[in-house]
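One-based numbering, in listed order, for ligands and for the atoms of each.
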Amino acid sequence: MLDKFVMAPPDPILGLTEAFLKDSNPDKINLGVGVYKDNFNKTPIFKTVKKAESILLEKEQTKSYLPISGSQEFCDLVQQLVLGKNSPCIQEKRIATVQTAGGTSALRVFADLIRTNTEIKKIWMSNPTWENHGKIFQLAGFETESYPYYNAETHDLDWDKMISTIEAIPEGDILLLHGCCHNPTGIDLNKEQWTTIANIVKEKRILPLIDFAYQGLGDGLEEDALGVRIIADIVPEVFICSSFSKNFGLYNERCGALIGICSDYDTCQKVLSQIKVVIRTNYSNPPAHGAYIVQTILGSNELRNEWEKEVEEMCTRIKNMRNLFVEKLKEKGITQDFSFIEKQRGMFSFSGLKKEQVLRLREEFSIYIVNSGRINVAGITTTNIDRLAEAISKVL
Ligand code: LMR
């Protein structure tokens with residue numbers, strides 16, 4: 001019965017890590033998967049995470065199941081982190097937050113929720129977008145469409161085309177936006193652009209879904225939440241998928257959240273009950289450890305202040321690497337203008353490198369970049385930057 005199976009291609013991002021691990025070149029560089037590295041090329045555990053873990057080790061009394069929706073304390077703290085303490089949605093109790101197994105499962109839970117409870121069939125995503133977005137929604141039974149986002153000539157936002165496409169989205173479709181640190185381009189919307197989108201979405205009755213996986217890695221924890229908060233203030237129904245892989249470094253703990261904002265309390269309770277059905281039939285209830293770490297840090301003034309500094313450090317290192325990268329490319333005699341890399345935000349930079357150039361970097365120099373030309377700037381260090389810039393100068 002299984003002989004009709006065909007081999008699936010390797011995952012465009014995680015498959016690259018598999019290939020990287022097999023590479024025996026001692027100077028290999030992995031700039032594929034979005035994982036933060038410090039200047040020693042390590043992905044360290046946050047000091048605050050270690051402190052929270054030692055508190056948990058002492059305090060934890062049981063490994064019994066969490067509720068289907070996860071830890072309530074975690075959910076309360078997370079919705080404040082995302083929307084701000086004074087958010088009207090929180091005060092009006094028209095927000096449902098559940099803990100999920102990372103940001104990916106928040107997206108998938110949302111997809112299953114909407115497919116099983118509404119007539120909505122189509123979701124619009126930016127071109128380009130995170131490699132996994134399309135597949136998550138297609139496997140959940142959605143049709144996917146794209147709206148222009150990136151202008152390859154200017155290396156900037158294709159705002160006019162983006163907004164005219166969004167204006168023409170039919171009522172009742174879903175619009176997927178990246179809350180900050182757009183993956184893969186690193187190009188974000190400004191306040192006016194978020195406000196314009198929020199008003200269109202409200203007027204046209206389009207359902208916004210915000211993927212918010214990089215809060216704090218762009219311009220800061222509060223600054224990066226600007227777009228999410230504008231949408232939440234203007235649009236009555238909004239979904240947000242948060243991830244704590246990057247801003248707490250909890251990659252392998254699979255810790256995220258799905259936040260649903262509804263127009264009133266009653267709708268919110270119904271939505272929450274259906275989210276729980278989706279979770280119960282997928283993975284029953286979420287893993288506890290990551291969420292306990294997050295709530296221990298966010299719930300303590302001292303740990304939270306220390307954590308905020310750790311996030312800021314990451315953010316600053318990434319910005320410094322952007323500047324140094326542009327400088328090094330110039331130093332290697334490259335005349336092509338790469339200054340746009342300094343303007344991009346978050347872990348990623350859409351370098352403009354073509355697929356053939358990316359493949360040459362992999363085969364000839366053991367430098368791993370996603371085929372689209374997306375570079376994980378957070379993987380560049382003062383040690384590997386020369387070799388990287390030199391190799392790029394050879395393939396251009
Ligand atoms: C990425 O885009 O590299 C990260 O979000 C990790 C992943 O799961 O793809």
Side-chain angles (χ1 to χ4, degrees), residues 8-21 28-38 41 43 100-111 125-140 144 146 149-150 176-188 209-218 224 240-258 283 286-287 290 311 314-315 318 321-322 341 344-351 353 355 358 361-362 367-380:
D11 182 82
I13 296 173
L14 299 183
L16 214 53
T17 306
E18 288 168 27
F20 173 81
L21 292 173
K28 61 187 177 177
I29 306 174
N30 187 3
L31 303 177
V33 66
V35 170
Y36 178 81
K37 303 267 179 61
D38 64 14
N41 206 25
T43 306
T100 57
T104 306
S105 87
L107 288 162
R108 182 60 199 242
V109 168
F110 166 82
M125 0 191 122
S126 63
N127 180 20
T129 192
W130 180 43
E131 311 265 2
N132 212 15
H133 275 150
K135 277 176 258 170
I136 291 172
F137 284 93
Q138 283 153 15
L139 273 180
T144 54
S146 63
Y149 192 81
Y150 177 71
L176 173 59
L177 299 157
H178 297 227
C180 67
C181 308
H182 183 270
N183 180 2
T185 66
I187 299 165
D188 285 340
L209 167 66
I210 308 179
D211 190 349
F212 199 33
Y214 296 88
Q215 184 177 5
L217 277 88
D224 289 351
I240 303 157
C241 297
S242 274
S243 164
F244 305 105
S245 296
K246 332 282 166 170
N247 53 14
F248 282 85
L250 291 172
Y251 305 92
N252 67 8
E253 299 294 352
R254 308 312 298 140
C255 184
L258 173 64
Y283 53 89
V311 177
M314 284 200 298
C315 191
I318 296 174
M321 282 305 117
R322 287 187 180 282
I341 291 175
Q344 299 165 339
R345 283 290 167 269
M347 275 193 178
F348 304 117
S349 174
F350 219 42
S351 63
L353 290 171
K355 190 171 168 196
V358 170
L361 284 176
R362 201 174 304 161
I367 295 174
Y368 291 75
I369 289 172
V370 180
N371 284 353
S372 62
R374 186 193 83 168
I375 290 181
N376 174 19
V377 184
I380 303 178

[X]: heavy atom below 4.0 Å from ligand 1, yes or no?
X      : answer
Arg374 : yes
Asn132 : no
Tyr214 : yes
Lys246 : yes

Next item on the list: Without swapping roles, check the side chain of Asn376 against the backbone of Tyr36 for a donor-acceptor pair under 3.5 Å.
Entry: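 No; zero donor-acceptor contacts below 3.5 Å.
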
Notebook entry, point to check: Are any side-chain N or O atoms of Arg322 and backbone N or O atoms of Ile341, one a donor and one an acceptor, separated by less than 3.5 Å?
Noted result: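 It does hold such a pair.
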
Next item on the list: Scan side-chain atoms only and decide if Asn132 and Arg108 contain a donor-acceptor pair under the 3.5 Å cut-off.
Entry: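 The answer is no; no qualifying pair exists.
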
Checklist line | Side chains of Thr129 and His178, donor plus acceptor under 3.5 Å | finding: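 Yes, side-chain donor-acceptor contact under 3.5 Å.
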
Check: Counting both backbone and side chain atoms, is some N or O of Gly34 under 3.5 Å from an N or O of ligand 1?
Finding: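 Yes, since at least one N or O of Gly34 sits under 3.5 Å from an N or O of ligand 1.
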
Next item on the list: Select one of side chain, backbone, both or neither to describe which atoms of Val35 lie under 4.0 Å from any atom of ligand 1, heavy atoms only.
Entry: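 Looking at Val35 and ligand 1, no heavy atom falls under 4.0 Å.
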
Next item on the list: Kindly check if the number of other-residue, nucleotide or ligand heavy atoms within 6.0 Å of NZ (Lys355) is above 12?
Entry: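 No, because the 6.0 Å sphere around NZ of Lys355 holds 12 heavy atoms or fewer from other groups.
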
Notebook entry, point to check: Hey, which atoms in ligand 1 end up nearer than 4.0 Å to a heavy atom of Trp130?
Noted result: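 The list of qualifying atoms is 1 (C), 2 (O), 5 (O), 7 (C), 8 (O), 9 (O).
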
Notebook entry, point to check: Short list, please: which atoms of ligand 1 are under 4.0 Å from a heavy atom of Val33?
Noted result: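 So the atoms of ligand 1 that pass are 3 (O), 6 (C).
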
Check: Is NZ or CZ of Arg374 both nearer than 6.0 Å to the six-membered ring centre of Phe348 and within 45° of the ring axis?
Finding: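 Here Arg374 passes the 6.0 Å and 45° test against Phe348.
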
